[in-house]
Structure formats: structure tokens, C-alpha cells
Amino acid sequence: MSLRRRRQRRTEPCALIGLLALLTAGAAGPTAPVPDPLHFHHGLLRSQAPFRLVDATDESGLRFEHDHGGSGRRYMVETMGSGLALADLDGDGWLDAYFAQGSPTPGTESTGSLTNILLRGSPKGRFTPVPAAAGAASEIWTMGVAVADYDNDGFNDIYVSNFGPNQMYRNNGDGTFAELAASARVDDRAWGASSAWADIDNDGYLDLYVANYVDFAWDNHKYCGDPRRNLRAYCHPDVFNAQADRLYRNNGDGTFTGIGQAAGIADTLDGKGLGVVFGDANDDGLIDIYVANDSTRNFLYINVDGRSFVEDGLLAGVSFSSDGQAEAGMGTDWGDYDGDGRLDIVVTNLDVETNSLYRNLGDGMFDNATFASGIGEPSLRQVGFGVNWMDIDNDGDLDLFVANGHIIDNIGEFRDNITYAQRNHLFLNQGHGRLLERSAQLGPGLELVKVSRGSAIGDVDNDGDLDILISNNGQPADFLLNQGADSSGRWIQLRLVGDPANRGGIGARVELVRGGDSVALVREIKAGSSYGSSSDQRLHVGLGAATAVTVRIRWPGGQQQTLGPLQSGHLYVVRQGRGVIAARGPHRAAS
């Protein structure tokens with residue numbers, strides 16, 4: 001059914017009850033070896049997880065402590081960051097980590113330099129700091145990171161969204177980076193929160209979306225909190241105006257053109273953007289955009305023809321809560337959690353609101369499945385930021401990780417049942433559209449109590465299961481290592497190489513059919529999601545009890561490719577039009 005016809009038959013939603021207010025509202029290259037993979041029995045009782053997440057931060061050598069630069073005056077930017085990236089930046093097959101850092105705020109006594117940092121990955125899941133981040137050491141207050149190969153030279157580049165001019169670090173291919181945002185014309189000076197890459201017009205070059213937040217500045221800082229008790233707190237976004245998001249088209253020559261207004265990303269929309277993710281919502285081969293906005297309605301931009309978008313969030317049912325409330329959207333991600341072949345949306349929100357899960361019904365419609373899925377009640381007292389769909393136990397179903405931490409550092413002065421630091425959540429997929437929060441049973445890595453923000457996922461130690469990196473506000477980062485029960489290899493990894501599609505295959509839709517299954521596992525390659533973060537672009541899919549799988553790829557631009565059967569326990573490098581060009585089996589990496 002066409003978008004126009006669907007609009008005609010839809011009725012207007014009920015009037016909004018009004019925005020939920022906070023107590024603190026103001027008065028004014030080479031492929032990676034894949035060793036010894038784990039085995040997961042698909043028929044095992046799902047409540048008995050055969051894995052555990054351990055805190056491997058110290059053992060890995062990961063040394064990063066976020067500093068929000070706070071002076072005690074509670075400038076809004078202090079509590080909002082930051083994100084990170086987990087990506088292979090040097091082409092050696094091991095995932096590197098890039099962390100966004102804060103910066104001193106007015107009145108800060110510290111004189112030390114604060115910069116973003118880069119850590120090189122190596123065998124056994126170890127990280128080594130790179131001096132001056134190899135040229136990517138931003139000293140601006142950085143919120144988010146999005147990694148992708150925007151110039152198709154085979155090396156991943158880094159875009160950082162800042163409280164201040166954004167920066168673009170082009171990968172020189174020799175282990176160093178060059179900052180080119182001004183010459184590339186992507187150095188927007190609004191408060192950038194998150195960004196993401198995708199090829200919106202299927203011309204082979206990645207385009208860029210930047211979600212901007214509010215017009216807070218040092219000189220319009222407001223008093224928020226309880227003046228009667230002289231209790232100052234971080235402000236609610238309602239006391240500031242929204243800033244327009246940006247959409248940049250890649251010109252293919254190292255420069256970009258801002259096309260937001262012309263493409264339908266209207267400057268007048270009242271969106272206070274914090275999270276953004278690209279995905280093909282209606283499976284038409286054109287990449288769409290979802291934006292999580294803080295206390296204003298969320299946006300779903302449907303790609304009409306590769307050049308223009310229609311904002312359809314309200315009619316699709318993904319702009320508000322089930323009772324018509326705008327929620328405090330932070331992070332977001334697409335994923336087919338119920339196995340029906342359609343991408344569903346998850347959004348993290350403030351406490352009391354709960355996080356939101358919108359189930360894709362097809363025909364442009366979504367159903368609010370927050371409580372039916374099981375994610376609603378556990379999130380009632382949490383503030384969610386980073387969020388990732390991931391198959392943590394390799395059974396073929398997408399599980400859900402949520403990074404939690406409150407906004408208000410003195411929330412205990414206002415409410416006695418909510419804390420600033422919080423435990424993160426991991427929901428295991430039970431099948432039939434149900435998710436069960438099991439953090440307390442899944443290892444010591446989920447016992448940490450932090451003020452978490454960004455989260456990124458990937459197979460850091462190349463052992464066949466997904467690990468998690470977390471950036472915490474004003475605290476050291478965490479590396480949660482996935483320790484599987486055994487090593488029988490019920491998984492597969494794909495690294496896509498596009499030509500003529502974009503080099504990283506970003507936006508490709510992959511269907512995997514296990515022997516005996518009547519339906520496919522559906523995944524898409526993303527570059528930017530969660531909250532201000534970017535995850536490993538190698539596609540990791542758990543296969544349950546299957547030992548082989550047939551793979552169908554729809555590349556950006558529409559070219560179809562079928563491979564297989566491919567054996568489990570392997571990483572395959574797939575080149576568009578040619579098929580498998582390299583593979584790594586279940587063996588230990590050299591160390």
C-alpha cells in the first residue's frame with residue numbers, strides 16, 4: 001500500500017496529555033583469524049545461559065577514564081557524554097577502540113589536557129594506547145563517534161560530533177589520521193550528539209546524518225533544581241530550544257553538501273536529537289533514518305527516492321509512548337528481534353517512562369511492544385543510554401544490551417528510590433517476541449554500578465562471541481568479555497567489501513538460512529547507532545545448532561548475491577560480485 005493511501009485511511013491520534021516533567025526542570029585490509037569458537041545448543045533451556053560476561057578491563061590494558069570537566073556549576077553538557085567506537089582502524093583484523101573525552105568547563109580548576117584517545121587492539125583481546133591518538137586526539141568536548149570508510153580507500157575514518165565544531169579524521173592508511181572537517185564541509189558548530197553513516201542514494205558513497213541537541217551554551221546557562229533548598233541540578237532539555245539536525249550528501253571527491261532542508265529533514269522540526277540509526281524500515285532497498293529525541297517526538301524519515309524523505313513517525317506509531325507522551329529518547333538501534341524479517345526499533349528513555357520497543361508490523365506500521373516484549377518493567381527505575389541488539393549467546397535470536405546511568409548526579413536529594421550510578425541490563429531473547437532481563441545471572445561484568453553512556457559491541461578477542469565496551473560519564477570505561485561455555489563454533493561472521501556499493505557494505509541486508517529452517521535470519525550492516533557510538537561492522541550471527549548456512553546479500557543499489565552453504569565457525573570476507581575471497585577457520589590467532 002502506498003504511503004499516500006495509508007495516510008488517507010489513518011485517523012489522527014488522540015491529543016497529547018502533555019510532557020512528563022522532571023523535578024529538576026528549570027525556572028527559566030587483512031582478515032582476522034577466528035580462533036576456537038564456542039558452541040551453544042539451540043534446544044537448551046533459554047533461562048540457563050551457557051556464557052558469562054566478566055570485567056576484563058584491567059587485564060586487557062584498556063585505560064580510559066572519562067572526565068566531564070565539571071566545575072560544580074552543573075553545565076548541561078557535563079552529564080550527557082560520551083560515546084565510543086569499536087572498529088578495525090589499521091586493517092590488521094583486530095578491533096581498535098576510540099573513546100570520546102570531555103573538556104574543561106568554565107570554572108574548572110584542572111589544567112590538564114583532555115583529549116579523545118585511541119587504543120590499538122591485538123591478540124588475546126589486549127589494547128595498547130596510541131600516542132596523541134595518531135592525529136585523532138580532539139580536545140573539543142566530544143559527544144559521539146561514527147566510524148566508516150567514507151572515501152572507499154579501504155580504511156575506516158572517524159567522525160566525531162562535538163559540543164563545538166564537529167571533526168572528521170580521515171584515515172591515512174599508515175596508522176595516522178588527518179583532520180579534514182572544514183575542507184570536507186562537515187564541521188557543523190551546533191551541539192552534535194550522535195551521527196551515523198549510510199548511502200541514502202545508492203551511488204556508492206556514504207552520506208552522513210548528525211543528530212543535534214539543544215542550544216545550550218556557556219553564556220545561557222540556567223539555574224535548575226530547587227532554589228528553596230539551594231539544590232542545583234542539571235537542567236531538563238525543556239528549558240532550551242532545539243537545534244536542527246544535519247544531513248550531508250557525499251560528493252565522492254572528499255567533500256560533502258548539506259541537503260537536510262531540501263531532502264525533507266526540516267530545520268523547523270522541534271527535535272532535540274540524541275540518538276540516530278540508519279535502517280531499511282520497509283525493505284524497499286532505500287535506507288531510512290530513525291532519530292531518538294529528548295522530550296520531543298522521535299522522527300522516522302522514510303526514504304522516498306534516494307533524494308528526499310518523508311517524516312512518518314507519528315503515523316507509523318514510533319514518535320510517542322503508548323499513551324501519547326513524548327519521551328526522553330537517548331539511544332536507539334534497529335534489529336529483527338522477533339524473527340519475522342522486519343527491522344524493529346528500540347529506544348532508551350528516562351526512568352518512569354521505561355525504554356521503548358516498536359515492533360515492525362509491515363506496511364509502514366509499528367506496534368508498541370514495550371511491555372509485551374518484557375523490557376518495560378525492568379527499565380522503570382533506570383535511565384537508559386547506549387543500546388545494542390546483539391546475539392550474545394549465539395543461538396540465532398537477537399538479545400538486547402542497555403547501558404544505564406542517571407542524568408542528575410544528586411538525584412538522591414530529590415528522590416530516595418533512584419540512584420545516579422546504575423547497573424546495566426542484558427535481556428535474553430526467549431523467542432516468540434519475549435525478552436527476559438537476566439543481568440544478575442550472567443556474570444560479574446553485569447554487577448558493575450556505573451554512570452554508563454555509550455556502548456559498542458564486537459568480537460574483540462576473535463573467539464567467536466560478541467564482547468561489549470562501555471563508556472561511563474566521569475568514570476573509567478569497562479570492557480565486558482564474553483566467556484562462552486565451549487568451543488564448537490555455532491556462529492558465522494561476514495565482512496563485506498562493496499564494489500560498486502560503498503566499500504564497507506554499509507546498508508547491505510543479509511539473510512541467512514539454516515538447514516531445516518523455513519525463515520531466514522535477517523541482519524543489516526550499520527555504521528553508527530546506540531548512543532553516540534559505533535560498533536564492529538563485521539556481521540556476527542549466531543547459528544544455534546546449525547553447522548552450515550546459506551547466505552543471501554542484497555547490496556546497496558539492489559544487486560543480489562547468494563553464497564553457500566558456508567560452514568559455521570568461520571569468518572568469511574565477501575566481495576560484491578565475486579563471492580568469498582578469504583576465510584578464516586576455527587584456529588587460534590598467533591600471539
Side-chain angles (χ1 to χ4, degrees), residues 29-37 85-96 121-123 147-157 171 173 197 199 204 206 391 394 457-467 489-513 521-527 534-543 546-557 559-590:
T31 59
V34 184
D36 291 350
L86 191 53
D88 184 0
L89 295 169
D90 54 7
D92 67 352
W94 297 95
L95 293 179
D96 311 303
S122 61
V147 170
D149 181 5
Y150 79 89
D151 53 2
N152 291 333
D153 66 351
F155 292 94
N156 278 318
D157 312 294
N171 194 327
W197 297 93
D199 186 358
L206 291 175
D391 188 355
N394 281 344
I457 60 172
D459 187 1
V460 172
D461 53 355
N462 285 333
D463 70 343
D465 53 31
L466 292 173
D467 311 299
R490 307 308 195 205
W491 52 269
I492 193 169
Q493 293 178 354
L494 302 173
R495 183 163 73 83
L496 303 188
V497 181
D499 184 17
N502 68 84
R503 181 66 177 261
I506 305 302
R509 176 165 290 214
V510 182
E511 297 182 355
L512 304 97
V513 180
L521 304 175
V522 175
R523 305 287 188 266
E524 281 191 3
I525 310 294
K526 292 169 289 192
S534 202
S535 293
D536 184 9
Q537 292 163 16
R538 296 177 301 185
L539 187 66
H540 179 101
V541 183
L543 300 181
T547 58
V549 64
T550 299
V551 176
R552 297 191 295 263
I553 303 172
R554 187 185 68 199
W555 295 88
Q559 182 179 349
Q560 305 277 339
Q561 194 167 4
T562 301
L563 308 168
L566 302 181
Q567 298 302 307
S568 63
H570 288 67
L571 180 146
Y572 293 93
V573 182
V574 180
R575 190 173 186 90
Q576 185 177 6
R578 289 179 54 187
V580 175
I581 60 173
R584 291 289 185 271
H587 60 271
R588 283 284 174 198

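Computed over heavy atoms, backbone and side chain alike; hydrogens, waters and symmetry mates excluded.
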Pairwise side-chain contact, Asp459 with Asp467, heavy-atom cut-off 4.5 Å (strictly under): yes
Do you know which two heavy atoms are closest between Trp491 and Leu571, and how far apart they sit? CZ3-N, 4.3 Å
List for me each residue that meets side chain to side chain donor-acceptor pair (under 3.5 Å) alongside Asp149, sequence neighbours excluded, and say none if there are none. none
All heavy atoms of Gln576 vs all of Ala501, minimum pair found to be OE1-N, 3.0 Å
Indicate yes or no: at least one non-hydrogen side-chain atom of Arg552 is less than 4.5 angstrom from one of Val513. yes
Enter the distance from Arg554:CZ to Glu511:CD here, rounded to the nearest 0.5 Å. 8.0 Å
Quick one: list whatever passes side-chain contact (heavy atoms from CB on, under 4.5 Å) with Asp96, sequence neighbours left out. Asp88, Leu89, Asp90, Leu118, Arg120
If every non-hydrogen atom of Ser534 is compared with every non-hydrogen atom of Ala527, which pair is closest and at what distance? OG-C, 4.2 Å
Minimum heavy-atom separation for Gly579 and Leu563, please, with both atom names. CA-CD2, 3.8 Å
Evaluation steps, side chain to side chain contact (heavy atoms under 4.5 Å, CB included), between Ile506 and Asp199: CA-CA 7 Å; Ile506 305 302; Asp199 186 358; over 6 Å; no
Minimum heavy-atom separation for Asn156 to Ala87, with atom names? ND2-CB, 4.5 Å
Any chance you could lay out the side chain to side chain contact (heavy atoms under 4.5 Å, CB included) test for Ile492 and Tyr572, step after step, and finish with the verdict? CA-CA 8 Å; Ile492 193 169; Tyr572 293 93; 3.7 Å; yes
All side-chain contact (heavy atoms from CB on, under 4.5 Å) counterparts of Val497, not counting sequence neighbours: Arg495, Arg503, Val573, Arg575
Sequence neighbours left out, what passes side chain to side chain donor-acceptor pair (under 3.5 Å) with Arg509? Give chain and number order. Asp283, Glu524
Approximate separation, where rounding is to 0.5 Å, of Leu543 CG and Leu521 CG: 7.5 Å
Between the main-chain N or O of Gly505 and the side-chain N or O of Gln537, is there a donor-acceptor pair closer than 3.5 Å? no
Not counting sequence neighbours, which residues clear side chain to side chain donor-acceptor pair (under 3.5 Å) with Asp536? List them please. Arg538
Would you say Leu539 and Ile525 make side-chain contact, with heavy atoms under 4.5 Å? yes
Sequence neighbours left out, what passes side chain to side chain donor-acceptor pair (under 3.5 Å) with Trp555? Give chain and number order. Gln561
Heavy-atom distance under 4.5 Å between the side chains of Asp391 and Val541, does that happen here? no
Would you find a donor on one side and an acceptor on the other, under 3.5 Å apart, between the side chain of Asn394 and the backbone of Gly464? yes
Under 3.5 Å donor-acceptor, Asn502 side chain and Leu206 backbone: no
Correct closest heavy-atom pair for Pro565 and Thr550 would be CA-OG1, 4.4 Å
Could you give the distance from CD1 (Ile553) to CD (Gln559), rounded to the nearest 0.5 Å? 10.0 Å
Tell me whether Ser535 contacts the main-chain N or O of Ile457 through its side chain, where contact means a donor paired with an acceptor under 3.5 Å. yes
